[in-house]
Amino acid sequence: MPGRPHSGKVLLAVQAHSDDIPLSASGTVAKLIEEGYTGYLVRATNDDMGDAVGLGTPGTIGDAVIGNEHDNAEIARVLGCKGHFDLNYNNHRMADVSLNEVIGRLIFLIRLLKVDTVVGWDPWAHDEENPDHYTIAKALEAACWMAGRSHDFEEQFAAGLKPKTVQDKYYFARRPEITRVVDISQQVDKKIDAIRANVAKGPGGHSGSHLRAELAQHNQRLPLLGDDDLAADRNYIREFSLAHNRELGKQYGVEYAEVFHYIPANASGGERDTRIDQYIKQHVVPAK
Ligand SMILES: [Zn+2]
């Protein structure tokens with residue numbers, strides 16, 4: 001949308017790992033912030049398991065923690081977020097953390113920041129293999145609803161917080177049920193920079209410059225990777241990491257797209273069906 005139609009609204013982007021939002025939704029997060037949202041980034045784990053063999057920066061478990069902590073802060077900055085929060089659960093171990101504890105922490109953030117819209121993993125999606133993804137997804141879905149109620153975690157009200165429901169939800173998934181397509185063609189450079197900030201984890205990060213150096217050892221080069229490390233990293237991400245966004249774009253008639261299971265306000269669980277208020281407005285008469 002042109003201008004800043006979302007001024008005054010608050011966006012909470014919730015990821016399990018430092019690369020979830022960059023890969024799946026960073027174009028949309030950047031776009032919503034450009035359109036006026038005040039954005040915050042939440043990372044549920046400490047990313048201490050690093051990533052797949054051959055991706056990112058090799059090192060110990062501790063190296064993965066500190067590397068991803070720095071990377072995540074950079075991702076928040078690149079996307080224009082006002083702040084970020086690290087919940088610090090162990091990577092790949094969220095399957096048996098207390099779901100109610102995670103829900104309670106998200107409810108606190110929703111009420112504290114007065115969140116209007118969330119972006120996160122889809123709790124209803126298929127093909128998900130990572131327990132951190134489906135655990136934080138379930139917690140976020142529950143928190144969006146429970147945060148608006150007047151008895152859940154009511155001790156938070158004594159600290160000055162107020163109930164706050166979130167009914168506007170952009171959920172991403174490995175095999176998404178697509179109900180909203182976002183044109184991110186204008187936000188591609190920010191998405192590339194967010195993926196480039198995943199140095200510790202890959203799969204973007206410095207993969208391009210590493211490949212360029214590897215080829216040079218064999219006296220070879222790829223024109224795609226340009227003449228310096230920055231160009232190599234950015235062009236590698238544009239070509240390979242964004243291939244799926246280009247394919248989606250082609251399908252929906254734009255250059256680059258991200259897709260979501262989008263749940264709009266009043267789709268379910270509203271405090272009161274807005275049709276009741278509409279009915280009253282249309283039919284109310286003076287009492288005799
Ligand atoms: Zn992840």
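Because the structure is a prediction, the values reported are computed rather than measured. The first residue in the sequence is number 1, and the count goes up from there. Each ligand, and each atom within it, is numbered from 1 in the order the structure gives.
Note on residues 23-60: pairs passing ring pair (Phe, Tyr, Trp, His ring centres under 6.0 Å), not counting sequence neighbours, are H6-Y37.
Cluster note: V284 groups with I276, I280 through ILVMFWY side-chain heavy atoms spaced under 4.5 Å, whether in direct contact or through intervening members.
Contact annotation: the side chain of K191 never approaches that of Q187 to less than 4.5 Å [non-hydrogen atoms, C-beta and beyond]. A heavy-atom distance below 4.5 Å is not found between the side chains of L109 and V115.
Here the shortest heavy-atom pairing between I195 and P22 reads CG1-O, 3.6 Å.
Around the Zn ion (ligand 1), the protein contributes the following N, O or S atoms under 2.8 Å, ordered by chain and number: H17 ND1, D20 OD1, H133 NE2.
Evaluation of the side chain to side chain donor-acceptor pair (under 3.5 Å) rule for N91 yields H17, D132 as partners, not counting sequence neighbours.
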